[in-house]
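Heads up, the thing below is written out as C-alpha cells.
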Number of protein chains: 2
Amino acid sequence: MFIEIEANSAVPIYLQLAQQIIESVAKGSLKPGDSLPSVRAFAADLGMNMHTVNKAYHYLEEKEFIQIVQKKGVFIHENGVRKASELDRLRLKKELRPIIAEALCLQLSQAEIELLIQEISLDLKEEM
Amino acid sequence: MFIEIEANSAVPIYLQLAQQIIESVAKGSLKPGDSLPSVRAFAADLGMNMHTVNKAYHYLEEKEFIQIVQKKGVFIHENGVRKASELDRLRLKKELRPIIAEALCLQLSQAEIELLIQEISLDLKEEM
DNA sequence: AAGCTGTTCTATTATTAATAGAACAAGAAG
DNA sequence: CTTCTTGTTCTATTAATAATAGAACAGCTT
C-alpha cells in the first residue's frame, strides 16, 4: 500500500492516512476482508506514532470502512463498498457545498465541474 | 445577508462565516464592490467576537474574494467573480478528491455524483 | 513461553479556535 | 475641530485538537 503523507499540510496526518485508505478502497486495491497493518507496524512504516494510526483506524471504523477485531487486527469492512444511504448523500452534499460555491465564483460551468470530477475519478482508477 | 452558524459543527465558525460569504458571492446576492459589515457590527449581529469576524475576513482576503480597505471598510473584491486559474483548478481537485473517493466507495456513479453537484448548484441559485 | 493484537492510561508539547479588552491611526461626518 | 467609525495591533486567557511518548493489560496465535 502506498501512503504519502504531506508533513506541511493543513490536513492532520491521521486524516490524510484515513483518506488515502478510503482512496485505496475506492480504486479497489483494498477489498472488503483485506487486512491492514497493525497500528505498530503501520506507524513504524510511516514514521509516525502508534496512537496516530489508531486514531485514523477509529475514524474509519466510525465511517464503517474498516472493522477492528479485538486482538486480531484490522480489516476492510465487509460493507466497505456499499450503496449510499440518503444520509450519506446529505453528508456528501454538505461537504461538497463550500467547494462548489467557490467553483461557481471561479466561473466554472456545470460541465467544467463535472470534468474535474471525471479527472479525479480517472486518477482514482488509473493508479490500480 | 443571511448567515447561519452551527455552533456544534466541526467546522470552525470563522470558516463557516467565510464559506457562507463565498456562497453569497456565488449566488450573486453579493456582487463585486458591495460592502460588508464592519468587524464590530457583524460580530454583534452574529453574536460572536470581533476577532473571529476579522479572521474570516482575512481568510477571504487571502483568497481574493474580498478587499480590506484600511479605515474604510470591507468590500467584495472586484475580481471576486473571475475565471479560474490552473492553480485554482488544482486546488479544487485536491479538495474534492477525498470526497469523491468516499462517493465511489458508496458506489455512486459518475452520473449520480453529477446529480449531487447539480442539486447543490440549484440550491446556490434558488436562494437568491 | 514468546510474540503480536488493539486498548487503555497518564503525560507532555504545540497549535488552533475563540473570546476579551484596550489602544492606535486614519478616514468620514457633524 | 470634535466625534464616530474603520481595520489593526497588542496582550491575555480558555478550551480543544493534534501528535508524540511510554508503559501496561488482556487475549489470540504460534
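Worth saying up front: this structure is predicted, and the values here are computed from it rather than measured. In what follows, chains carry the letters A, B, and so on, assigned in the order in which the sequence lines appear, proteins first and then strands, with residues in each chain numbered from 1.
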**OP:** Taking side chain to side chain contact (heavy atoms under 4.5 Å, CB included) as the test, write out the residues that go with Ala26(B), two or more places apart.
**Re:** Ala101(A), Leu104(A), Cys105(A)
**OP:** Could you list all the salt bridge (charged side-chain N to carboxylate O under 4.0 Å, His left out) pairs where at least one residue sits in residues 51-70 of chain A, not counting sequence neighbours?
**Re:** Lys63(A)-Glu102(B)
Subject >> Stepwise salt bridge (Lys or Arg N to Asp or Glu O under 4.0 Å) test for Asp88(B) and Arg91(B) >> reply: CA-CA 5 Å; Asp88(B) 288 327; Arg91(B) 189 172 40 75; 3.1 Å; yes
**OP:** Round to the nearest Å and state the distance from Leu60(A) atom CG to dG6(C) atom C1'.
**Re:** 15 Å
**OP:** Please report, rounded to the nearest Å, how far the C1' atom of dA19(D) is from the CZ atom of Phe42(A).
**Re:** 17 Å
Subject >> Difference in axis direction between the ends of the helix from dG6(C)-dC25(D) to dC24(C)-dG7(D), five pairs, 10° >> reply: 30°
Original post:
Gln16(A) has an atom CD; how far is it from atom C1' of dA18(D), in whole Å?
Top reply: 12 Å
Original post:
Can you list every side-chain hydrogen bond (donor to acceptor under 3.5 Å, both in side chains) pair that touches residues 4-21 of chain B, not counting sequence neighbours?
Top reply: Lys94(A)-Glu6(B)
Subject >> Sidechain N-carboxylate O distance under 4.0 Å for Asp123(A), Lys93(B) >> reply: no
**OP:** Summarise how protein sits on nucleotides 4-17 of chain D as a single string, 5' to 3': B when a protein heavy atom is under 4.0 Å from the base, S for sugar-phosphate-only contact, - for no contact.
**Re:** --BBBBB-------
Subject >> Hydrophobic cluster of Val69(A), others only, ordered by chain and residue number, side-chain cut-off 4.5 Å >> reply: Phe75(A)
**OP:** Return the value, rounded to whole Å, for the distance between atom CD of Glu6(B) and atom P of dA18(C).
**Re:** 13 Å
Subject >> Under-4.0 Å side-chain N/O to phosphate OP1/OP2 contact, Asn49(A) with dA21(D) >> reply: yes
Original post:
To the nearest angstrom, how far is Leu17(B) atom CG from dT19(C) atom C1'?
Top reply: 16 Å
Original post:
Would one find a side-chain N or O of Thr52(A) under 4.0 angstrom from OP1 or OP2 of dT20(D)?
Top reply: yes
Original post:
Which residue pairs pass the side-chain hydrogen bond (donor to acceptor under 3.5 Å, both in side chains) test when at least one of the two sits in residues 68-80 of chain B, sequence neighbours left out?
Top reply: none
Check: residues 106-116 of chain A side-chain donor-acceptor pairs under 3.5 Å, at least two apart:
residue   : atom : partner   : partner atom : Å
Gln107(A) : OE1  : Lys83(B)  : N            : 3.3
Ser109(A) : OG   : Ala111(A) : N            : 3.4
Ser109(A) : OG   : Glu112(A) : N            : 3.1
Ser109(A) : OG   : Glu112(A) : OE1          : 3.3
Gln110(A) : OE1  : Ser121(B) : OG           : 3.4
Gln110(A) : NE2  : Glu114(A) : OE2          : 3.4
Glu112(A) : OE1  : Ser109(A) : N            : 2.7

**OP:** Sequence neighbours left out, what pairs pass side-chain hydrogen bond (donor to acceptor under 3.5 Å, both in side chains) with at least one residue falling in residues 37-52 of chain B?
**Re:** none
Subject >> Atom-pair distance (CG on Leu46(A); C1' on dA19(D)), nearest Å >> reply: 14 Å
